[in-house]
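Beneath this line is the structure, given in structure tokens, with notes to follow.
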Amino acid sequence: MLNKINFWKSSRKTVSIDERIEQVLKLPIPKHIAIIMDGNGRWAKKRALPRIAGHHEGMRIVRKITMLANRLNIDTLTLYAFSTENWKRPKHEVDYLMGLPEEFLGNFLPELIEENVKVCMIGNNNRIPEHTRRAVEKAIVETSANTGLKLNFALNYGGRAEILDAVKEISKDVKNGNLDISDINDEAFSNYLMTHFLSDPDLLIRTSGELRISNFMLWQIAYSELWFTDVLWPDFTEAHLIEAVEAYQRRSRRYGGIHSEESKK
Ligand code: FPP
């Protein structure tokens, strides 16, 4: 019996991350991946640690996943770092979360510059503390000429607020005579959103087993492929991102239509 198990173990080919990367790069890669990074609190609780320890570990994962996304030639990685609803959390947790972009960029901005990553942000600047705003602004300026992965932080971001702001701006333009109602279509509307400079996500990932969207990119994910995992964000590894991309590559995206072969039948 032992021999059988040993034979099975030795005959099982372990595929390295590098080999898997090589394989996924042979097929179409999602241009834009958006991630709802959930489960930091539960990760900490399981270890009898304060919730902020989970957020800190989550930040380490952000670095790892950013580097892999860049290596996979993904155009945009949008990370839901703080929602418009997260202000409801205890002040010390909010303060800690608002300190993370500064800590992350303080540590990794040189690496992001070196790796040609371009930092971007979506969200409303109004409530974001000055020190956080300055750190993000500095990173945006210093990486503005970079042409690799766009690392887009969603900070104080909410999908409904974004849509309402767009509606207000469109209404103003119609009222001023700068826009004709008949010209309002998908493309025109998208141009009023905070993501006007990005393509829509091809793949949306949510960690931690929750099966909801939580007010994230409501307009933009209309045709995104969804991938949910029970893995808590601080446990999310490079292998998980590759697994999600592999799953994406097996999907058939029809955008409400049918396959071209089927249309010939
Ligand atoms: C949700 O988990 C997570 C957040 C609200 C914050 C996510 C932030 C990070 C992963 C770090 C961001 C890093 C940078 C560089 C900005 P939760 O706290 O709701 O977890 P729970 O559902 O288990 O309680």
Side-chain angles (χ1 to χ4, degrees), residues 33-70 76-113 115 117-125 127-129 131-140 142-143 149-159 204-217 228-238 240-241 244:
I33 298 184
I35 309 185
I36 303 176
M37 309 178 289
D38 195 11
N40 295 349
R42 276 163 282 169
W43 183 91
K45 195 173 174 200
K46 268 167 71 179
R47 289 160 181 78
L49 294 169
R51 292 177 56 80
I52 59 171
H55 296 315
H56 194 265
E57 191 60 21
M59 180 184 65
R60 286 187 350 97
I61 308 303
V62 166
R63 174 177 172 258
K64 223 170 43 177
I65 295 306
T66 299
M67 290 308 154
L68 176 58
N70 198 27
T76 306
L77 177 67
T78 295
L79 300 176
Y80 206 7
F82 194 93
S83 76
T84 44
E85 287 70 42
N86 287 153
W87 297 105
K88 293 178 200 154
R89 295 186 178 212
K91 187 177 179 311
H92 76 274
E93 187 173 340
V94 168
D95 290 347
Y96 190 80
L97 283 168
M98 279 296 157
L100 285 181
E102 196 176 353
E103 184 176 345
F104 176 82
L105 294 166
N107 289 331
F108 302 123
L109 186 55
E111 193 178 352
L112 297 176
I113 293 171
E115 294 295 327
V117 173
K118 184 180 170 89
V119 176
C120 323
M121 189 197 127
I122 53 170
N124 201 327
N125 254 330
R127 274 179 90 177
I128 298 178
H131 65 96
T132 313
R133 220 181 314 166
R134 254 188 282 122
V136 176
E137 196 51 49
K138 177 175 179 284
I140 291 173
E142 290 186 17
T143 60
L149 174 79
K150 292 184 198 80
L151 174 59
N152 181 33
F153 288 109
L155 262 184
N156 191 22
Y157 173 87
L204 172 72
I205 297 174
R206 182 172 190 147
T207 60
S208 93
E210 306 295 350
L211 304 178
R212 54 178 173 263
I213 299 302
S214 301
N215 201 15
F216 189 42
M217 302 186 100
F228 296 98
T229 174
D230 287 342
V231 174
L232 305 175
W233 177 250
D235 290 327
F236 196 80
T237 62
E238 291 163 324
H240 293 119
L241 181 64

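Atoms within each ligand, like the ligands themselves, are counted from 1 in listed order.
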Looking only at distance, does Asn40 have an N or O less than 3.5 Å from an N or O of ligand 1?
yes

Flag, side chain of Tyr157 to backbone of Met217, donor-acceptor distance under 3.5 Å
yes

Just by distance, no angles: are the side chains of Ser214 and Arg206 close enough, under 3.5 Å, to form a donor-acceptor pair?
yes

Is it true that Lys64 and Glu238 make a salt bridge, defined as a side-chain N closer than 4.0 Å to a carboxylate O?
no

Quick test: of every protein heavy atom, which one is nearest to atom 11 (C) of ligand 1, and how far off is it to 0.1 Å?
Leu100 CD1, 3.8 Å

Just distances here: any N/O of Phe104 and N/O of ligand 1 closer than 3.5 Å?
no

Residue-level breakdown please: for Arg51 versus ligand 1, do any non-hydrogen atoms fall below 4.0 Å on the side chain, on the backbone, on both, or on neither?
side chain

What protein heavy atom sits nearest atom 20 (O) of ligand 1, and how far off is it?
Gly41 N, 3.0 Å

Top protein contact for atom 5 (C) of ligand 1, by heavy-atom distance
Asn86 OD1, 3.5 Å

Is the shortest side-chain N to carboxylate O distance from Glu142 to Lys138 below 4.0 Å?
yes

Is the contact between Leu97 and ligand 1 made by the side chain, the backbone, both, or neither, using heavy atoms and a 4.0 Å cut-off?
side chain

Note: Ile61, heavy atoms under 4.0 Å from ligand 1, region reported as neither

Pairing of Arg63 and Glu111 as salt bridge, 4.0 angstrom limit
yes

For atom 16 (C) of ligand 1, closest protein heavy-atom neighbour:
Ala81 CB, 3.8 Å

What part of Phe82 sits under 4.0 Å from ligand 1 if we count only heavy atoms: the side chain, the backbone, both or neither?
neither

shortest atom 2 (O) of ligand 1-to-protein heavy-atom contact is with Asp38 OD1, 3.2 Å

May I ask you to decide if Glu103's main-chain N or O and Asn107's side chain share a donor-acceptor pair within less than 3.5 Å?
yes

More than 12 heavy atoms from other groups under 6.0 Å of CZ on Arg60
no

Note: Arg63, heavy atoms under 4.0 Å from ligand 1, region reported as neither

In the protein, what heavy atom is nearest to atom 19 (O) of ligand 1, and what distance, to one decimal place, separates them?
Arg89 NH2, 2.8 Å

Can Gly39 be said to touch ligand 1, with heavy atoms closer than 4.0 Å?
yes

Leu105 vs Val136, side-chain contact (heavy atoms from CB on, under 4.5 Å): CA-CA, chis, key distance, verdict
CA-CA 8 Å; Leu105 294 166; Val136 176; 4.2 Å; yes

Using the rule given for salt bridge (Lys or Arg N to Asp or Glu O under 4.0 Å), can you reason through Glu137 versus Arg134, listing the C-alpha separation, both sets of side-chain angles and the distance that settles it, and then say yes or no?
CA-CA 5 Å; Glu137 196 51 49; Arg134 254 188 282 122; over 6 Å; no

Would you call Glu85 and Lys88 a salt bridge, taking side-chain N to carboxylate O under 4.0 Å as the test?
no

Among all protein heavy atoms, pick the one closest to atom 22 (O) of ligand 1 and tell me residue, atom and distance.
Arg42 NH2, 2.9 Å

Using a strict cut-off of less than 4.0 Å between a Lys/Arg side-chain nitrogen and an Asp/Glu carboxylate oxygen, indicate whether Glu210 and Arg42 qualify as a salt bridge.
yes

Do me a favour and list the nearest non-hydrogen protein atom to atom 3 (C) of ligand 1 with residue, atom name and distance?
Met37 O, 3.2 Å

Sub-3.5 Å N/O-N/O distance, Trp233 and ligand 1
no

